[in-house]
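As the structure lists them, so they are numbered: ligands from 1, and atoms in each ligand from 1. Nothing here was measured: the structure is a model prediction, and the numbers come from that model. Residues: numbered from 1 along the sequence shown.
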Amino acid sequence: MRAAAKPLTVLGIETSCDETAASVVRGAPPGPGEILSNVVLGQASAHRPYGGVVPEIAARAHVELLDGVVAQALEEAQLTLAEVDAMAATAGPGLIGGVMVGLVSAKGLAVASGKPLIAVNHLEAHALSARLSEGLEFPFLLLLISGGHCQLMSAEAVGRYTLYGATIDDAVGEAFDKTAKLLGLPYPGGPQIEALASGAKPGRFNLPRPMIGREGADFSFSGLKTAVRQIVHASGPLGEADRAALAADFQAAVIDVLVDRVRAAMKIFRTSFGKTNDQCLVAAGGVAANRAIRGALQNTCRQEGFSLTLPPVALCTDNGAMVAWAGLEHLALGFSDPLDAAPRARWPLEA
Ligand code: KG4
Ligand code: ZN
C-alpha cells in the first residue's frame with residue numbers, strides 16, 4: 001500500500017476567460033482533495049450586451065475583482081498567505097489580457113510570501129478536476145467540452161496527455177452560444193438552449209451531424225450552426241414552440257456527434273491501454289453541465305464498458321479549485337515555475 005503523502009495547501013487563481021475565481025485546496029495526489037474555499041465571480045452580465053465574451057472588458061473586470069476574490073478565498077479557508085504552500089494561477093491558454101492579470105497577481109503573492117509559483121495550464125486543470133473530486137487514477141479518457149475547447153485525449157500522468165481529436169472549427173460551447181444568439185437567447189447560451197430544448201421533442205428539423213463515422217476523433221460544429229442560421233433566416237420570426245423544437249434538434253445533433261466521437265476515442269484508448277475493467281471516461285468543461293449530454297454519455301459508457309466520472313457542475317465550469325489542484329499535483333512532484341513564467345494565449349496540452 002502506498003504511504004499517504006503529506007497534504008499540501010495551494011491557492012489557485014483562474015482568470016483566463018470571463019470568470020474571476022480563486023480557491024484554496026488541500027490534499028495529496030491522487031486525491032480527492034478538500035476544497036477549503038471556491039470563490040467564482042462571473043462576468044456574464046458585463047458581456048451579455050455583446051452576445052459573447054469581450055476580451056478587453058474581461059481583462060478590466062479581472063483587474064477590478066481579483067484582489068477581493070483572493071482575499072475572500074483566503075478568508076473562507078481561514079488561512080493566511082503564510083499558511084499556503086504555493087500560489088498557482090492559470091498561465092494559458094486563454095484570453096491573454098485576463099491570463100496576465102491572474103498570473104501577475106500570483107507572482108506578486110509568491111514574492112510577498114516567499115512561496116513557490118505554479119504556472120498552470122488551464123486544460124490540465126480541467127483534465128485533473130476528476131482527481132480533485134474523485135481521486136481518479138491514471139490513465140483515463142477525457143472529453144473536454146467548453147466554450148473555448150473541444151477535445152478528446154488520454155490523461156496518462158501529470159504532464160502526460162495524448163490528443164485523440166479536437167474540433168477543426170468551433171468549440172461545442174461556442175456552437176451552443178452562437179445558436180442561442182440566433183434563437184434570440186442571451187449569453188451564455190448553453191443553459192438557455194438546454195432549458196428551451198427540454199420543452200420539445202427532437203425530430204422536426206433535419207440538421208447535419210458533422211464528422212460522424214470519420215476516421216480519428218476530431219469534431220466539427222460550424223456546419224451545424226450554419227444549418228440553424230439557414231432555418232432561422234428561411235422561416236422568418238420563430239414562435240416559442242418553433243424555437244424550442246429547433247433547440248431540441250440542435251442539442252440532439254450535438255449529442256449524436258459527441259457520442260460518435262467519444263466511441264471513436266474509446267476505441268483508440270482500448271488500443272493503447274488494452275481492455276481493462278477500470279476504463280474511465282471523464283467529461284469536463286462547462287458543456288458537461290448539460291443534463292441531456294450527461295445522460296447520453298452515461299448510456300454510451302454503459303454500452304462500451306467504461307465508467308463515467310462527471311465532476312460536480314461547480315468544478316466543470318471555470319473555477320479556481322481545479323487550478324489550485326493542478327498546482328498541487330505539480331508541487332507534490334517537486335515542480336514549480338520561475339517568476340518570469342510567461343502567459344500563453346495558446347498552450348496545447350500535448351507539447
Ligand atoms: O468551461 P467554461 O465555463 O468556460 C470555458 O472555458 O469556455 O464553459 C462555458 C461554456 C459556454 O459556452 C456555455 O454556454 C457552456 O459552457 N455551457 C453549457 C451549459 N452550461 C454551460 N452548454 C450546454 N448546456 C449547458 N447546460
Ligand atoms: Zn475552461
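Ligand 1 has an N or O atom lying under 3.5 Å from an N or O atom of Glu194, backbone or side chain. The shortest N or O to N or O distance between Asp177 and ligand 1 is under 3.5 Å. Of the polar atoms of Gly173, at least one N or O is found under 3.5 Å from an N or O of ligand 1, judged by distance alone. Among the atoms of Asn290, some N or O lies under 3.5 angstrom from an N or O of ligand 1. For the pair Pro188 and ligand 1, the shortest N or O to N or O distance does not fall below 3.5 Å.
For atom 22 (N) of ligand 1, the closest non-hydrogen atom of the protein is Gly190 CA, 3.2 Å.
A donor-acceptor pair under 3.5 Å links the side-chain atoms of Asp85 to the main chain of Thr9, judged by distance alone.
Remark: Glu174 does not engage Lys225 in a salt bridge, criterion side-chain N to carboxylate O under 4.0 Å. Ion pair Asp260/Arg214 not flagged as a salt bridge, since none of the NZ, NE, NH1 or NH2 atoms sits closer than 4.0 Å to an Asp/Glu carboxylate oxygen.
Sorted by first and then second residue, the salt bridge (charged side-chain N to carboxylate O under 4.0 Å, His left out) pairs involving residues 320-330 (not counting sequence neighbours) are Arg131-Glu329. Sequence neighbours left out, not one pair with a member in residues 8-30 passes salt bridge (charged side-chain N to carboxylate O under 4.0 Å, His left out).
Taking CZ from Phe306 and CD from Gln279, the interatomic distance works out to 4.0 Å, rounded to the nearest 0.5 Å.
Judged as a ring-ring contact (aromatic ring centres under 6.0 Å, His included), and not counting sequence neighbours, the contacts of His122 are His126.
Of all the atoms in ligand 1, the ones that sit under 4.0 Å from a non-hydrogen atom of Gly147 are 5 (C), 7 (O), 8 (O), 9 (C), 10 (C), 12 (O). Atoms of ligand 1 found under 4.0 Å from any heavy atom of Gly148 (numbered from 1 in listed order, with element): 7 (O).
Side chains of Thr80 and Glu83: a donor on one and an acceptor on the other come within 3.5 Å. A donor-acceptor contact under 3.5 angstrom links the side chains of Ser220 and Asp169, judged on distance only. Side chains of Thr162 and Glu156: a donor-acceptor N/O pair is present below 3.5 angstrom, by distance only.
The count of protein N, O or S atoms under 2.8 Å from the Zn ion (ligand 2) stands at 3, with waters excluded from the count.
Between atom 5 (C) of ligand 1 and the options Asp318, Asn319, Val287, the minimum heavy-atom separation is to Asp318. If you check each of Gly286, Ala171, Ala180, Pro93 against atom 2 (P) of ligand 1, the one with the closest non-hydrogen atom is Gly286.
For Cys17, the heavy-atom gap to ligand 1 stays at 4.0 angstrom or more.
With ring centers used as reference points, Phe176 lies under 6.0 Å from Phe250.
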